[in-house]
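All values below were derived from every heavy atom in this structure, side-chain atoms included, with hydrogens, water molecules and symmetry-related copies excluded.
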There are 2 protein chains.
Amino acid sequence: MVDLTERKAKASAWFSELRDRICAALEALEYEAPKTLYWGAPARFERKAWERKDHTGAPGGGGEMAMLRGRVFEKAGVHVSTVHGEFAPEFRAQIPGAESDPNFWAAGLSAIVHPRNPHVPAVHLNTRYVVTAKSWFGGGSDLTPLLDKRREASDRDATAFHAAMKTACDRHAVASYEKYKAWCDEYFFLKHRNEPRGVGGIFFDYLDSSDWDADFAFVREVGTAFLEIYPTLVWRNIATPWSKEEREEQLVRRGRYVEFNLLYDRGTAFGLKTGGNVDSILSSLPPEVKWP
Amino acid sequence: MVDLTERKAKASAWFSELRDRICAALEALEYEAPKTLYWGAPARFERKAWERKDHTGAPGGGGEMAMLRGRVFEKAGVHVSTVHGEFAPEFRAQIPGAESDPNFWAAGLSAIVHPRNPHVPAVHLNTRYVVTAKSWFGGGSDLTPLLDKRREASDRDATAFHAAMKTACDRHAVASYEKYKAWCDEYFFLKHRNEPRGVGGIFFDYLDSSDWDADFAFVREVGTAFLEIYPTLVWRNIATPWSKEEREEQLVRRGRYVEFNLLYDRGTAFGLKTGGNVDSILSSLPPEVKWP
């Protein structure tokens with residue numbers, strides 16, 4: 001018989017471990033940044049626990065936000081949560097397994113990084129494990145270069161990011177890079193502007209190959225692939241000075257990121273409607289934005 | 001028999017006239033601003049026409065954007081449009097009169113003003129005339145003070161704005177101030193933050209008292225009430241100097257305005273989904289915003 005309790009514990013523990021490793025990697029970059037471009041002291045992540053109330057008013061788990069507001073990373077959030085309860089009636093039809101039994105359990109990690117330097121791409125990572133009458137993993141990671149000239153699939157940052165995600169998928173029979181890449185391009189798309197949010201990456205959901213250990217190994221690999229590639233991309237661009245015009249372009253491009261997250265992102269809408277923590281959900285919004 | 005052609009022409013002509021008067025009033029304030037606080041030359045509105053394609057691909061009317069980026073008004077938009085066509089099947093159930101006949105015609109004016117000085121409130125005005133198998137007016141105006149200390153119903157700006165809207169309603173038997181004020185409070189509310197967007201005003205929709213001339217007279221009065229009260233409120237606060245902290249508070253408060261418009265505003269969602277002009281719809285977003 002499947003031991004869900006053990007799986008839940010393993011998934012939660014991994015998300016916490018990954019959070020610690022991502023925070024450490026970003027703090028190291030804060031520390032090592034060239035002083036000629038990045039003034040002030042290197043910043044550290046600040047952690048804040050929160051508790052969730054279910055729609056019935058009962059305790060429903062909670063999470064921990066970790067926010068860094070620094071010299072390299074103008075705003076970075078790395079959040080974990082482990083929540084449980086009952087889906088409100090209006091959501092049950094949309095969630096696999098929730099039609100028959102509204103109880104759910106979910107754990108996950110979300111990371112969103114908005115660097116100060118317009119040459120350094122922004123990035124997003126999310127992985128989660130969801131248990132209803134069914135159970136599955138979901139998540140992905142995608143890159144958002146801020147300057148138009150860096151937003152080509154042939155750009156060396158985009159190429160390296162895609163290669164890292166392809167390697168992560170190719171190592172696991174349960175994953176399909178082609179499918180997940182296409183899903184990512186489809187998902188992170190601003191229909192009203194007919195333009196992608198960034199250069200893509202991978203996106204997957206409802207992953208349940210019936211080999212839980214294999215699925216979980218892939219999900220861990222997405223996290224470690226992120227940990228290898230993103231700091232590399234930051235380091236590549238960290239010493240490139242930027243102009244006032246490039247900062248302006250970055251601030252306007254960030255507006256498109258806001259438009260995506262508030263108009264289209266399922267996680268944002270879902271979190272706001274299911275009693276998620278507003279501060280951590282909206283911590284994805286960039287620190288400074290322009291719609292000139 | 002009802003002459004819809006004449007009503008449409010009268011409504012469209014009024015929205016254009018009101019647009020001209022609002023633009024002139026805001027340009028006058030740009031011109032008269034005290035030079036000690038507002039540097040640079042006074043700005044003028046720039047107009048840009050756009051054409052709409054219906055969901056079938058047929059021509060569907062269009063509109064004219066007017067944008068001012070100035071020293072008093074960091075960003076102001078006053079837009080008119082006259083559009084027509086066929087509602088796409090997914091919208092027909094939501095629109096009165098569209099179930100039986102998908103053809104529609106609509107004209108309207110929208111104004112959104114984001115002043116530079118955090119002491120000067122932002123404002124929004126919208127009025128529209130919609131014709132399906134039914135026909136009605138809708139619209140309203142609401143005030144958004146940016147500083148917490150000015151966001152009380154007892155504040156003198158809020159009091160004056162509410163009084164102006166009450167007078168406009170009280171002069172017309174077809175309007176109910178109590179109802180429209182409550183509707184405004186309900187509509188401009190950020191559920192995820194459990195807070196109102198601003199201090200309210202009036203909001204009405206589906207106004208069809210069966211006396212078209214009376215309904216139209218009220219809608220015109222909403223426009224003229226706006227023209228009387230908003231420049232007064234600007235003038236009251238225009239000479240108050242602001243601190244860096246007040247500017248910061250303004251930029252953060254503007255983030256809530258963005259959250260409302262992208263998460264909740266029916267007009268924004270409707271416009272983006274029905275082939276409206278993306279530039280004019282999203283011109284409501286403030287010029288500079290922070291989510292620190």
Side-chain angles (χ1 to χ4, degrees), chain A residues 43 46 53 55 67-70 73-77 88 112 114 116 122 189-195 247-248 250-292, chain B residues 43 46 53 55 67-70 73-77 88 112 114 116 122 189-195 247-248 250-292:
Chain A
E46 290 182 19
K53 283 248 179 291
H55 80 107
M67 294 295 304
L68 180 149
R69 293 174 178 89
F73 302 109
E74 199 173 336
K75 185 176 176 186
I112 305 98
H114 295 291
R116 188 176 300 278
F189 192 80
L190 284 76
K191 289 182 203 72
H192 64 290
R193 295 198 184 266
N194 194 33
E195 70 185 27
R247 173 69 175 173
E248 191 74 13
Q250 178 195 46
L251 298 182
V252 172
R253 175 58 58 187
R254 283 177 175 173
R256 310 296 174 88
Y257 200 94
V258 173
E259 291 173 22
F260 180 84
N261 282 23
L262 299 181
L263 287 171
Y264 301 110
D265 189 52
R266 295 189 312 174
T268 301
F270 184 78
L272 294 177
K273 286 176 183 167
T274 55
N277 183 42
V278 173
D279 287 342
S280 47
I281 295 165
L282 295 183
S283 76
S284 66
L285 300 178
E288 193 177 338
V289 182
K290 285 194 176 181
W291 282 275
Chain B
E46 289 182 19
K53 283 247 180 293
H55 80 107
M67 294 296 302
L68 180 148
R69 293 174 177 90
F73 302 110
E74 199 174 336
K75 186 176 175 185
I112 305 98
H114 295 290
R116 189 175 299 279
F189 191 79
L190 284 76
K191 290 182 203 74
H192 64 289
R193 296 197 182 267
N194 195 32
E195 68 184 29
R247 173 69 176 173
E248 192 73 13
Q250 177 194 47
L251 298 182
V252 173
R253 174 58 59 189
R254 282 178 175 173
R256 309 297 175 87
Y257 200 94
V258 173
E259 291 174 23
F260 179 84
N261 282 24
L262 298 182
L263 287 170
Y264 300 110
D265 189 53
R266 295 190 310 174
T268 301
F270 184 77
L272 293 177
K273 286 175 183 167
T274 54
N277 184 41
V278 173
D279 286 343
S280 47
I281 295 165
L282 295 182
S283 75
S284 65
L285 300 177
E288 192 176 338
V289 181
K290 285 193 178 182
W291 283 274

Residue among B:T268, B:L251, B:L272, B:V289 with most heavy-atom pairs under 4.5 Å to chain A: B:V289
Heavy-atom closest contact (B:H114 atom, B:A122 atom, distance): ND1-CB, 4.2 Å
Closest approach of A:L68 to A:A43 (non-hydrogen atoms, all atoms of both residues): CD1-O, 3.5 Å
Those residues that, when tested against B:A269, pass side-chain contact (heavy atoms from CB on, under 4.5 Å) (two or more places apart): none
Residues forming a side-chain contact (heavy atoms from CB on, under 4.5 Å) with A:K191, sequence neighbours excluded: A:F189, A:Y264
Chain B neighbours within residues 254-262 of chain A, where any heavy atom lies under 4.5 Å away: A:V258, A:E259, A:L262
Residues of residues 278-288 of chain A near chain B, each having a heavy atom less than 4.5 Å away: A:V278, A:L282, A:L285, A:P286, A:P287, A:E288
Top contributor to chain B contacts, counting heavy-atom pairs under 4.5 Å, from A:R69, A:M67, A:E74, A:H192: A:H192
A:R247 side chain reached by A:Q250 side chain, heavy atoms, under 4.5 Å: yes
